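All ligand and atom numbering here is 1-based and tracks the order in the structure. Please read these numbers as outputs of a predicted model, since none were measured by experiment.
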Amino acid sequence: MRLPRSVRDADVADKVVLVRSDLNVPLQDGRVADDTRIRASLPTLELLVERDAREVRVCSHLGRPTDEDRAKYAMEPVAARLRELLPDDRVHVLENTRFDSRETKNDESFARELADGCDLYVNDAFGSAHRAHASTEAVAHLLPAYAGLLLEEELDHLGRLLGDVEHPFVLVSGGAKVDDKLGVLQNLGGRADTVLIGGKMAEQLRDATPLGFPVELPVDVVAAEAFEEDAESRVTPYDSLPDGWLGLDIGPETRTRFAEEIARARTIFWNGPMGVFEWPSFAGGTRAVAEAVAANDAAFTVVGGADSLRALSEMGLVDRVDWASTGGGAALELLEGKELPGVAAIPSS
Ligand code: 3PG
Ligand code: MG
């Protein structure tokens, strides 16, 4: 794997540095529900401050705002948490990059606005490195660009999954961003011995799977009468949900089966929750997968994605896996063997 040059080798004293972090954290009721990604961005910011950068401008996207609901995605709660963790007047958090529609178009004029007044650019947003957006790609061509410490560490650990891995290699996939992940799974499935699928993704694959290899889908689900935290719920076979009911978690039989496959594995990559784990009644499946992955000491275990990290950290299991990646989709695309646009745009060391 080609390695981008490191912020460690940049001369930052008295410079204005634009940092792209991935501060896209889960929010609940307008508050940061899990600050793992914010804490993971600290080492790079602290390095810049210690090395006397004059100003550090941190930018990130937050969620997928639309014109109607953008108020929900203002950066302030995230900026406030960062200020608590790193109180330094030289560090500023810019507003959500996706409030500007040019961001996701990788638009050079927006990149120029971000770069304006800055001397160099550090990309530390591993979780967004699979996006060719103005703040992750275009801007890297306008300023001397370097990789942040988190980005480097992610490439280092995930790189291990790209080489010869010990088998069985079990891939567990769930979460909500189904359309993003199907294509990636298509290419990745061949490298894994077993692919376990839960969450919304399983729903989509139930009737017909476009994947060219066998996957294990749930055999039972926790069905709910409505998409509500305290909806009436019951366990049903996967293929006989009552009319109008929704499968909001994998059921107990599926949890047992998935846990058995995970226990046999020698390499595991898990990305995405098995259900609506934010609600206690539908958290059991995600919890079972997290416990099974954490319990397998013989395997090289990697967990990726903001929601999976949140589940692990709420359960106190982050330290029980070999690598907790801040990237979900980015980690999947890297494992597919692709060079990520956000990494490709940084010159080599
Ligand atoms: C993520 O959470 O996967 C990254 O922050 C990227 O977010 P996106 O899928 O909305 O581009
Ligand atoms: Mg282990």
Trainee: For the 3.5 Å polar cut-off, considering only N or O atoms, please tell me whether Lys177 and ligand 1 meet it.
Mentor: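 Between Lys177 and ligand 1 (N or O atoms, distance only) the closest approach is under 3.5 Å.
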Trainee: At under 4.0 Å between heavy atoms, is it the side chain or the backbone of Arg37 that contacts ligand 1, or both, or neither?
Mentor: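 The answer is the side chain of Arg37.
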Trainee: Under a plain distance cut-off of 3.5 Å, with no hydrogens placed, do Ser313 and Asp34 share a side-chain donor-acceptor pair?
Mentor: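 Side-chain D/A pair, Asp34 to Ser313: present.
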Trainee: Is atom CZ of Arg70 surrounded by more than 12 heavy atoms (other residues, nucleotides or ligands) closer than 6.0 Å?
Mentor: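 More than 12 heavy atoms, drawn from other residues, nucleotides or ligands, come within 6.0 Å of this atom.
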Trainee: When you look for heavy atoms under 4.0 Å from ligand 1, do you find them on the side chain of Arg98, its backbone, both, or neither?
Mentor: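 For Arg98, only side-chain atoms sit under 4.0 Å from ligand 1.
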Trainee: Can you confirm whether the side chains of Arg131 and Thr136 place a donor and an acceptor under 3.5 Å from each other?
Mentor: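 No, no side-chain donor-acceptor pair sits under 3.5 Å.
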Trainee: Hey, does Gly127 sit under 4.0 Å from ligand 1 if you only count heavy atoms?
Mentor: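 Contact present.
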Trainee: Just by distance, no angles: are the side chains of Ser233 and Glu225 close enough, under 3.5 Å, to form a donor-acceptor pair?
Mentor: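 On atom types as modelled, these side chains do not qualify, holding no pair under 3.5 Å.
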Trainee: Return yes if a side-chain donor-acceptor contact under 3.5 Å exists between Asp124 and Ser21, otherwise no.
Mentor: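 No, Ser21 and Asp124 have no side-chain donor paired with an acceptor closer than 3.5 Å.
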Trainee: Using a 4.0 Å cutoff against the non-hydrogen atoms of Asp22, which atoms of ligand 1 qualify?
Mentor: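 In order of numbering, the contacting atoms are 4 (C), 5 (O).
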Trainee: Centroid-to-centroid, Trp279 to Phe227, below 6.0 Å?
Mentor: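 Yes, the ring of Trp279 comes within the 6.0 Å limit of the ring of Phe227, centre to centre.
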Trainee: How far is atom 7 (O) of ligand 1 from its nearest protein heavy atom, and which residue and atom is that?
Mentor: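 Answer, as residue, atom name and distance: His61 NE2, 3.1 Å.
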Trainee: Regarding Glu154 and Ser325, is there a side-chain donor-to-acceptor distance under 3.5 Å anywhere?
Mentor: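 A pair is found: one side chain offers a donor N or O, the other an acceptor, under 3.5 Å apart.
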Trainee: Check each atom of ligand 1 against the heavy atoms of Arg131 and keep those under 4.0 Å away; list them by number with element.
Mentor: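 Selected atoms, number and element: 8 (P), 9 (O), 11 (O).
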Trainee: Counting from 1, what ligand 1 atoms have a heavy atom of Arg64 closer than 4.0 Å?
Mentor: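 Counting atoms of ligand 1 from 1, those under 4.0 Å from Arg64 are 8 (P), 9 (O), 10 (O).
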Trainee: Using a 4.0 Å cut-off to any heavy atom of Asn24, which atoms of ligand 1 qualify?
Mentor: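 By the 4.0 Å cutoff, the relevant atoms are 1 (C), 2 (O), 4 (C), 5 (O), 7 (O).
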